[in-house]
Amino acid sequence: MRFENVALVSIGQLIPAIEISSTWIETQLQSVYERLRLPEGRLEGMSGIQSRRIWAEGTRLSDCSIVSCRNAMTAARIEPADLGCLIHASVCREFLEPATACRVHHHLGLPEEAWVYDLSNACLGIMNGAVQIAQFIESGSIRAGLVVGTEDSRGLMQATLAQLQNDASLTRQSIKPAFASLTIGSGSCAWLLVDRRWWATRKESTGAQVLGAVAIARTEHHGLCQSDTDQAGGNMQPTMNTDSELLLEAGVATGAAAFQRLLEELVWERKQLVATICHQVGAAHRRRMLDALELPQDKDFATFATLGNTGSVALPTALAEAITSGFLPATGQAALLGIGSGVNSVMLGLQLGAISVQASYQT
């Protein structure tokens, strides 16, 4: 699908307080490593992830999302009354019902006429939410909307460590599906999208025009990465089982198909792209994905080394970091290359412009 009137004008972030290194995780598994004769540094060596961040204990997800949304709104200098949609789109949520978006909507003071709901699609939630808001804008239903997500990896990390520490039957083979769980980090990010025609009347910065989006679903691979039963509203202590090798192959193939469709949809050639941002899984995924898409690594921005895989907020956060670091050019065409378990791919094409970013750190 293509869009004519949609712009991404600001990004808000909240960065977790606590840094957890891969070395620290391995110290918690020292007895397991010794018994299975696993080499130190295996976790970072396999993933390229040196550290990830987690929220302080007792942190409420919706509180983080509220801060991220406020940061995005402040960066854009937009009023609550202007927002016609709020989508909470992370894997993690506070309750089975009501939608986590409801509490965020209330504390932001958004209009009662706004569309307010949760959306979940593994690591693609915010990308999917952005596409839905773009469709609302393109249809003339709203003039601005927020999509936000907050991922909390503390429970997954704790549950995975406890499982590995207490399972005397573990082998070098059977431990493999658990390693992906130890690469997950926490984070919070919000994107603010607007109608370009309305935004132009405010004489604000133009933002980045959202040119279009594509999706590919290869759901025959849905069993390659699964968490256990829904933990929302409970103690949030899930475990996850991932066949990383097969998931890598399926994800790369799905991403290659989606990227080809994006090129065709937007009538682009690879050489036109000034920047790309992949989903932030790890070093092997990034290398294989860019090779398959025939894209150079020096035009791609990565954050996984210090933030880990933060699920639905990984790519959105990487876009923000690419802007604030000065990596992203001021103009030109850029592609956001989303991949999620299932296996699904959602990709967006942008015509770059000035996107405002405001980030804060959890205290």
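If you chain together hydrophobic residues whose side chains sit under 4.5 Å apart, I87 and V104 never meet in one group. Hydrophobic clustering (ILVMFWY, side-chain heavy atoms < 4.5 Å, transitive): I11 and V147 are in one cluster. No continuous path of hydrophobic side-chain contacts links L352 to L211 [ILVMFWY only; heavy atoms under 4.5 Å]. Note on L124: it clusters hydrophobically with Y117, by side-chain heavy-atom contacts below 4.5 Å among ILVMFWY residues. Under the 4.5 Å side-chain heavy-atom criterion for grouping Ile, Leu, Val, Met, Phe, Trp and Tyr, V281 is not connected to V252 through any hydrophobic cluster.
No more than 12 heavy atoms of other residues, nucleotides or ligands sit less than 6.0 Å from atom CD of E57. Within a 6.0 Å radius of CH2 in W115, other residues, nucleotides and ligands contribute 12 heavy atoms or fewer. Counting heavy atoms of neighbouring residues, nucleotides and ligands inside a 6.0 Å radius, atom CD of Q260 exceeds 12 of them. Within a 6.0 Å sphere centred on CD of Q165, other residues, nucleotides and ligands contribute more than 12 heavy atoms. The environment of CZ in R202 is crowded: more than 12 heavy-atom neighbours from other residues, nucleotides or ligands sit within 6.0 Å.
If you take CG on L119 and CG on N128, they are separated by 5.5 Å, rounding to the nearest 0.5 Å. Taken from CZ in R60 to OG1 in T150, the straight-line distance is 12.0 Å, to the nearest 0.5 Å. Note: L29 CG to S31 OG = 7.5 Å, rounded to the nearest 0.5 Å. In this structure, CZ on F259 lies 10.5 Å from CE on M289, to the nearest 0.5 angstrom. Rounded to the nearest 0.5 angstrom, N309 CG and Q280 CD are separated by 8.5 Å. We find the OG-NE2 distance between S65 and H105 to be 14.5 Å, quoted to the nearest 0.5 Å.
Remark: the backbone N or O of S181 is not paired with any side-chain donor or acceptor of T160 at under 3.5 angstrom. Remark: side-chain polar atoms of N5 are not paired, donor with acceptor, to backbone N or O of R196 under 3.5 angstrom. Looking only at distances, no side-chain donor or acceptor of Q333 sits under 3.5 Å from a matching main-chain atom of G349. A side-chain donor-acceptor contact under 3.5 Å links E94 to the backbone of L61. In this structure, the side chain of R93 does not engage the main chain of H88 through any donor-acceptor pair within 3.5 Å. One N or O on the side chain of R286 and one on the backbone of Q297 form a donor-acceptor pair closer than 3.5 Å. Checked by atom type and distance alone, the side chain of R172 pairs as donor or acceptor with a backbone atom of R37 at under 3.5 Å. Proximity of a side-chain donor or acceptor of S312 to a complementary backbone N or O of C123 within less than 3.5 Å is not detected. Checked by atom type and distance alone, the side chain of D167 never pairs as donor or acceptor with a backbone atom of Q163 at under 3.5 Å. Using a distance-only test at 3.5 Å, with no hydrogens or angles considered, a donor-acceptor pair links the side chain of S186 to the main chain of S153.
Looking only at side-chain heavy atoms (C-beta outward), E44 and I49 stay at 4.5 Å or farther from each other. Side chains of M1 and V131 form a contact here, defined as non-hydrogen atoms less than 4.5 Å apart. The shortest side-chain heavy-atom distance between L86 and V148 falls under the 4.5 Å cut-off. E151 is not listed as a side-chain neighbour of T317, based on a closest heavy-atom distance of 4.5 Å or more. Side chains of I25 and R52 form a contact here, defined as non-hydrogen atoms less than 4.5 Å apart. Using a 4.5 Å cut-off on side-chain heavy atoms (C-beta onward), I126 and V313 make contact. Considering only heavy atoms from C-beta on, V32 comes within 4.5 Å of I175 through its side chain. Under the 4.5 Å side-chain criterion, counting only non-hydrogen atoms from C-beta, T59 is in contact with Q362.
Donor-acceptor pairing under 3.5 Å is lacking for the side chains of R53 and T310. Side-chain atoms of S62 and R103 form a donor-acceptor pair, as typed in the model, at a separation below 3.5 Å. Q50 and S21 form no side-chain donor-acceptor contact under 3.5 Å, judged by distance and modelled atom types alone. Using a 3.5 Å distance cut-off with no hydrogens or angles, the side chains of T171 and S174 do pair a donor with an acceptor. A donor atom on one side chain and an acceptor atom on the other are found under 3.5 Å apart for T276 and D300. Looking only at atom types and distance, the side chain of S345 has no donor-acceptor partner in the side chain of T254 under 3.5 Å away. One side chain, S139 or S141, offers a donor N or O that lies under 3.5 Å from an acceptor on the other. Residues S51 and E19 have side chains that bring a donor and an acceptor to within less than 3.5 angstrom of each other.
Across all non-hydrogen atoms, the minimal contact from P111 to P80 is CD-O, 3.1 Å. Scanning all heavy atoms of the two residues, the minimum distance from M127 to G338 falls at CE-N, 4.0 Å. Listed here is the closest heavy atom pair of A318 and F301: O-CD2, 3.4 Å. Minimum heavy-atom separation, R197 to I137: NH2-O, 4.2 Å. For the residue pair V194 and A144, the shortest heavy atom distance occurs at CG1-CB, 3.9 Å. Of all heavy-atom pairs spanning T206 and G353, the tightest one is OG1-CA, 4.3 Å.
Only one option out of V346, L295, L348 pairs with L337 in a side-chain contact (heavy atoms from CB on, under 4.5 Å); it is L295. Put simply, the residue from S10, S360, S356, S188 that forms a side-chain hydrogen bond (donor to acceptor under 3.5 Å, both in side chains) with N71 is S360.
Taking the six-membered ring where tryptophan is involved, the planes of F179 and Y33 are perpendicular, since the angle between them exceeds 60° and thus also 30°.
Of the charged side-chain nitrogens involved, none lies within less than 4.0 Å of a carboxylate oxygen, so that R42 and E26 do not count as a salt-bridged pair. Salt-bridge check for D152 with R154: failed, with every basic side-chain N at 4.0 Å or more from each acidic carboxylate O.
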**OP:** Test L273 against W268 for side-chain contact (heavy atoms from CB on, under 4.5 Å), laying out the working first.
**Re:** CA-CA 8 Å; L273 293 174; W268 278 359; 3.4 Å; yes

**OP:** Check step by step if side-chain hydrogen bond (donor to acceptor under 3.5 Å, both in side chains) holds for Q13 and Y361.
**Re:** CA-CA 8 Å; Q13 295 175 268; Y361 283 82; over 6 Å; no

